[in-house]
Amino acid sequence: MTPESSNPEPLIEVKNLKKFFPIRKGLFGKVVGHVKAVDDVSFHVGRGETLGLVGESGCGKTTAGRSVLRLIEPTAGSVIVEGVDFLKLEGETLRAKRKDLQIIFQDPYGSLNPRMTVGAIVGEGMVVHGLAKGEELTRRVKDLLHKVGLNPNHYNRYPHEFSGGQRQRIGVARALAVSPKFIVCDEPVSALDVSIQAQIINLLAELRDEFHLSYLFVAHDLSVVEHLSNRVAVMYLGKIVETATSEDLYRSPQHPYTQALLDAIPVADPKKKRDRLTLKGDVPSPVNPPSGCYFHPRCPLAEEKCRVEAPPWVDCGGSHFAACHLVKPGGGGADIHAAKGSTAPNP
Ligand code: SF4
């Protein structure tokens, strides 16, 4: 059994998604290799559900999110949206379907055109898709600004007149403007102050519940996705290595990599001592990934089998799956704290 075979009725179903970037050399640009940024990734997101996609920088999570939306064309795989393969659409049908799938970018500074007013930025999608014009357009944009916690009277202001948190609210309003069903939230709070992060996460949660939205919430920090996500998928070197409900993953992480990521989250209480564990070495290159389990060069529990054989999915029970040779069916079997002399990942 795999995570996707236990799938109820999803809004969006990503199957065997791959994105390989060619490495070219020489005068004629001969392809000499590939960066395997996303390597056979499958997941689903239900209606009104949030899936957190988490991993260290460079694990391929942002590329996966953008490939789903075809902001980057995937190398292989399928993205089934309400029964239709989004990757096979072309021309007018593709343009019309794009309305349902939106993105909120990481960088609230770079993602807004500095020459456009806030009203024009938020209203652009409605104009492009022919959803509103004239006074109706203005009214709907002002309603949206109010909805995301901005002053509707700032309709004619420019992005540089707003703070980072306010700009991200503009990005949220822009994504919502075309009434999407699914939004990729691409590290939407990692460029913001910690005090503002909670406000934006709460806003996203409120909007999800009000408009019955589905999110793919991409983040490098497990503590950020905990509050918002119903389920979490952990990625390492282009592959998903563990997936579970949010509660299960934080309470009982099975994969050694997930355990190490959770260990790296700082604890607010200085009196509370923890048996923290850090992983040795750097993330290997996705150009030439390790044999067997991709995590074996850094895993404190690695055995000979891990070096030669890719681990299968293990059903840990209750929609919890981990790809590790040591994890037992039903859970248990892999505990990095049992290994001595290791060091934490640096997400
Ligand atoms: Fe570690 Fe082996 Fe499990 Fe990979 S399969 S995570 S190397 S124990």
Side-chain angles (χ1 to χ4, degrees), residues 1-6 16 18 36-43 52-61 64 219-222 225 231-246 248-265 274-347:
M1 197 171 188
T2 67
E4 295 322 301
S5 59
S6 66
N16 310 109
K18 292 183 183 177
K36 295 178 178 175
V38 178
D39 190 2
D40 204 6
V41 159
S42 299
F43 59 83
L53 189 60
V54 182
E56 289 168 282
S57 300
C59 72
K61 56 193 186 301
H220 63 263
D221 186 344
L222 267 168
V225 297
R231 288 183 300 116
V232 178
V234 179
M235 254 184 110
Y236 185 77
L237 214 60
K239 287 184 180 292
I240 292 178
V241 296
E242 182 163 8
T243 175
T245 62
S246 191
D248 253 14
L249 192 98
Y250 290 88
R251 187 172 42 84
S252 173
Q254 298 294 321
H255 197 281
Y257 180 58
T258 313
Q259 293 172 8
L261 280 181
L262 283 168
D263 256 20
I265 298 174
R274 270 199 332 194
D275 184 17
R276 285 172 70 122
L277 201 125
T278 36
L279 296 172
K280 286 177 182 163
D282 296 324
V283 181
S285 165
V287 176
N288 190 15
S291 58
C293 172
Y294 282 8
F295 188 53
H296 86 252
R298 301 172 78 201
C299 181
L301 303 176
E303 298 178 347
E304 189 47 40
K305 187 180 187 183
C306 308
R307 293 179 184 90
V308 290
E309 210 178 296
W313 281 112
V314 179
D315 186 347
C316 307
S319 316
H320 191 159
F321 294 84
C324 171
H325 286 303
L326 297 193
V327 174
K328 296 182 180 131
D335 179 5
I336 56 166
H337 298 104
K340 299 274 179 204
S342 315
T343 53
N346 186 18

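Every number for a ligand or one of its atoms is a count from 1 in the order of the listing. Residue indices begin at 1 and follow the sequence shown.
When the side chain to side chain donor-acceptor pair (under 3.5 Å) test is applied to Asn288, no partner is found at least two apart in sequence or on another chain.
Proximity of a side-chain donor or acceptor of His320 to a complementary backbone N or O of Thr243 within less than 3.5 Å is not detected. Judged purely by atom type and a 3.5 angstrom limit, Gln254 has no side-chain atom pairing as donor or acceptor with the backbone of Glu242.
Contact check on Asp39 versus Lys239 returns a salt bridge, with a Lys/Arg side-chain nitrogen under 4.0 Å from an Asp/Glu carboxylate oxygen. A salt bridge links Arg298 with Glu56: at least one charged nitrogen is closer than 4.0 Å to a carboxylate oxygen.
Ring pair Tyr236/Phe295 is perpendicular by interplanar angle, where above 60° counts as perpendicular and below 30° as parallel.
For atom 3 (Fe) of ligand 1, protein N, O or S atoms closer than 2.8 Å were enumerated as Cys324 SG, with waters left out.
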